[in-house]
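Data block below; observations after.
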Amino acid sequence: MRTNIFLLALAGVMLSACFDDKGNYSYTQINDVTIGQKGFDGDTVYLLRSDVDGLKISPELSYREGQESAGGYSYEWVAVSTNKHVGQRTQLGTDRNLDYKVKLKADDYHLFFKVTDLATGIVYSRQATLKVNNLYTRGWILTGKDQSGNMVVDMLSISRDTLHLTDILANKGLALKQPIMVWTDNSPESYENQVYVCTENGTYRYGREDLDNPQELTIFDPDIKGYRHSIVMHDIQKISNKPALFLADKYAYALNSLNEGEFGTPVSYYLQSNGYDYFTPAPGIACNHTGEDNSAAAIEQYVVYNSRDRVFCNLRAMGTSMNNLADSDTDEPFSWDTKKDFTTGGLTFVANVNSLYSGGQTATILYDPIGGKRYIYTYTITRQSGVATKGKRYEIPLTAPGFYQARLFSLTTKQGYLIYAEGNHLYGYNFRNGKDPVLLCTFDGTATAIFNDIVTDEKQNDCFYVATYSDGASNQRGGKFYKFAVTDTADKIKVSQKHVWKGFPEIVNISYKNF
């Protein structure tokens, strides 16, 4: 009992002491800071070029007390990478107003403005979106040749405006002849971080940032059981950040971080009980680009045409050898083995056209050397157990204007119409409904390349690009580059010319570079 009385008395003394405490502590008035929307509006995106542009922002600040508190403030501007170098932090300035000559690496950033109340340590902040390019970050790579057959690479660089950059490769003594294509791995997570420059005499890797420091590529050749140079590339495809498939000379190779940027053993073989059965793939890779913006939705499979056996085959995710699609074939509505449908020996390869139509359908154009007809095989690569879902086979009439001479093809996204060019004519073809091709336009030069836009930010807008060339240009730059938009309704094919750029070499390949 005495203990309880003692504790009660002690509590009363302590409570009394609390009420009697007068002025033993100092207090700091908090002067809240508000950073206005000017320069930080939710829709504001600063699109800048490194070493070219400057960034000036004068933020609006207001205070609860109506003026800055006596303790003062410190300021900081910080850019934090969100794409290529996620989380990397760069301080841009420590003044209230930002006046910064852009020196950042090409990347996407969150731009933070931070105000610190030095008296209280409280930090107030606001952010905006910052996208930084260099001259070579984003745009169309236009692979061309001069009148001597030497490679000339131009670029239409996209930033705040479109710039035509001429002869952009730093060759450093390389004799780049007979161009095929230039290809960039556009995945920010790319292990390679390289641009591939492909010619008839060899293939070279360039640095992706500045298109410099070329190094000749080597591949493993099973014929000589070792690595060799003088690689001739035919096609390169990649889905999201998955391994890429390359066609080089008479083999197909998969490239990923596991082989450290070199081409290991080819994957264009069937695994037999007695060893590897190598075959030669046709120069075109079928793949499905739908869903590649989300790595989890990417369809990591490729289909190629076996030119030796005249049969379709595929490479499954993480596969090291090909599977013959005819091994589990129903033969309806066509056989993956064209020798079954064409007993004269099967069909030869003409072209592959990948699209975003109907969930990412591919059209493979084949030719019957005996019967003289061309055929279009349509199918969609899916993710279920490595299956390619068949569409239909279409026989193309010999009377289809220009079709049997054409080598340049595209497919529209909304209706799946075939766009093809031959000579100086551009055609649209609703082959699924058996309608005749229609002439869309006539150029003043010969069509030399076509780009089916299924990879840029405009990929859902049904755009495509065509390059033409007029002989006899005094400066050897008689090339033009057209951008078209498609209005492909169910009963009529119509295209509209959006832009035309001039002053190019003879363009033989069009590709898109993003980072």
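The chain is numbered in sequence order, starting from 1.
The heavy-atom pair separating I419 from G428 by the smallest distance is CD1-CA, 4.1 Å. The two atoms that bring N452 and S410 nearest to each other are OD1-OG, 3.0 Å, heavy atoms only. When all heavy atoms of D453 and C463 are compared, the closest pair comes out as CB-O, 3.2 Å. Taking each heavy atom of P333 and G391 in turn, the nearest pair found is CG-O, 3.4 Å. Across all their heavy atoms, A244 and K238 have their closest contact at CB-CB, 3.8 Å. Of all heavy-atom pairs between F431 and G416, the closest is CE2-O, 3.9 Å.
Going from atom CD of E458 over to atom OG1 of T413 covers 11.5 Å, rounded to the nearest 0.5 Å. Expressed to the nearest 0.5 Å, how far CD1 of I365 lies from CG of L347 amounts to 12.5 Å. Of the inter-residue distances, the one linking K340 atom NZ with D331 atom CG reads 4.0 Å to the nearest 0.5 angstrom. Summarising the geometry, atom CD belonging to Q460 is positioned 10.5 Å from atom CD1 belonging to I454; distances are rounded to the nearest 0.5 Å. The CG atom of L408 sits 6.0 Å away from the CD1 atom of I450 when rounded to the nearest 0.5 Å. Note that OG of S240 and CG of N186 are 11.0 Å apart. Values are rounded to the nearest 0.5 Å.
Proximity of a side-chain donor or acceptor of T378 to a complementary backbone N or O of K392 within less than 3.5 Å is detected. For the pair N133 (side chain) and L47 (backbone), a donor-acceptor distance under 3.5 Å is absent. Under the 3.5 Å distance criterion, the side-chain polar atoms of T82 are matched with a main-chain donor or acceptor of D108. Checked by atom type and distance alone, the side chain of D235 never pairs as donor or acceptor with a backbone atom of P283 at under 3.5 Å. At distances below 3.5 Å, at least one donor-acceptor pair connects side-chain atoms of N424 with backbone N or O atoms of F443. No donor-acceptor pair under 3.5 Å is formed between the side chain of Y46 and the backbone N or O of A128. Checking side-chain atoms of N288 against main-chain N and O of G359 turns up a donor-acceptor pair under 3.5 Å. In this structure, N433 contributes its side chain and K435 its backbone to no donor-acceptor pair below 3.5 Å. Looking at N134, its side chain does come within 3.5 Å of a backbone N or O of E209 through a donor-acceptor pair. Between the side chain of Y253 and the main chain of F220, a donor-acceptor pair closer than 3.5 Å is present.
The ring of F464 has its center closer than 6.0 angstrom to the ring center of F484. Aromatic pair F334/Y375: centroids not less than 6.0 angstrom apart.
A 4.5 Å side-chain heavy-atom check between T362 and V303 finds every atom pair outside the cut-off. For the pair I231/D249, a side-chain contact is recorded, criterion being any heavy-atom separation below 4.5 Å from C-beta on. Counting heavy atoms from C-beta on, the side chains of C313 and F279 come closer than 4.5 Å. Residues R205 and L217 meet the side-chain proximity criterion, which asks for heavy atoms closer than 4.5 Å. Within the 4.5 Å cutoff, the side chain of I168 has heavy atoms near those of the I141 side chain. Residues T184 and S511 form no side-chain contact, since every pair of their non-hydrogen atoms from C-beta on lies 4.5 Å or further apart. Within the 4.5 Å cutoff, the side chain of V304 has heavy atoms near those of the L245 side chain. Taking the side chain as every heavy atom from C-beta outward, M322 and Y269 never approach each other to under 4.5 Å.
In summary, of the residues considered (Q194, Q215, E216), a side chain to side chain contact (heavy atoms under 4.5 Å, CB included) with Y204 occurs for E216 alone. When each of Y377, Y305, Y379 is checked for a ring pair (Phe, Tyr, Trp, His ring centres under 6.0 Å) with W336, only Y379 meets the rule. Only one option out of T280, D221, D223 pairs with K250 in a side-chain hydrogen bond (donor to acceptor under 3.5 Å, both in side chains); it is D223.
Using a cut-off of 4.0 Å between Lys/Arg side-chain N and Asp/Glu carboxylate O, D167 and R477 are scored as not salt-bridged. Salt-bridge annotation for R49 and D161: present, with a side-chain N of the basic residue lying under 4.0 Å from a carboxylate O of the acidic one. Remark: D457 does not engage R138 in a salt bridge, criterion side-chain N to carboxylate O under 4.0 Å.
Under the 3.5 Å distance criterion, with hydrogens and angles disregarded, no donor-acceptor pair is assigned to the side chains of D341 and S335. Side-chain contact of D154 with T166: a donor-acceptor pair under 3.5 Å is absent, judged by distance alone.
Ring planes of Y429 and F403: perpendicular class, angle over 60° (limits at 30 and 60°). Using bins of under 30°, 30° to 60° and over 60° for the plane-to-plane angle, the ring pair F481/F504 lands in the perpendicular bin. Aromatic ring orientation, Y427 versus Y420: parallel (interplanar angle below 30°, classes split at 30° and 60°).
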Exercise. Could you give me the CA-CA distance, side-chain angles and deciding distance for K498 and N461, then say whether side chain to side chain contact (heavy atoms under 4.5 Å, CB included) is met?
Key: CA-CA 12 Å; K498 294 299 183 182; N461 294 345; over 6 Å; no
Quiz item: Could you walk me through whether Y270 and N306 pass the side-chain hydrogen bond (donor to acceptor under 3.5 Å, both in side chains) check?
Solution: CA-CA 11 Å; Y270 303 128; N306 178 342; 3.0 Å; yes
Self-check item: Y276/S321 under side-chain hydrogen bond (donor to acceptor under 3.5 Å, both in side chains): CA gap, chis, key distance, verdict
Solution: CA-CA 9 Å; Y276 296 166; S321 64; over 6 Å; no
Quiz item: Are I180 and T199 close enough, and set up right, to give a side chain to side chain contact (heavy atoms under 4.5 Å, CB included), and what steps lead you there?
Solution: CA-CA 5 Å; I180 298 176; T199 77; 5.6 Å; no
Practice problem: Please assess K480 against T468 for the test side chain to side chain contact (heavy atoms under 4.5 Å, CB included), listing each intermediate value before the final yes or no. | Solution: CA-CA 5 Å; K480 295 181 180 180; T468 67; 3.6 Å; yes
Exercise. Carefully, step by step, assess D309 and K339 under the rule side chain to side chain contact (heavy atoms under 4.5 Å, CB included).
Key: CA-CA 8 Å; D309 301 331; K339 298 189 300 299; 4.2 Å; yes
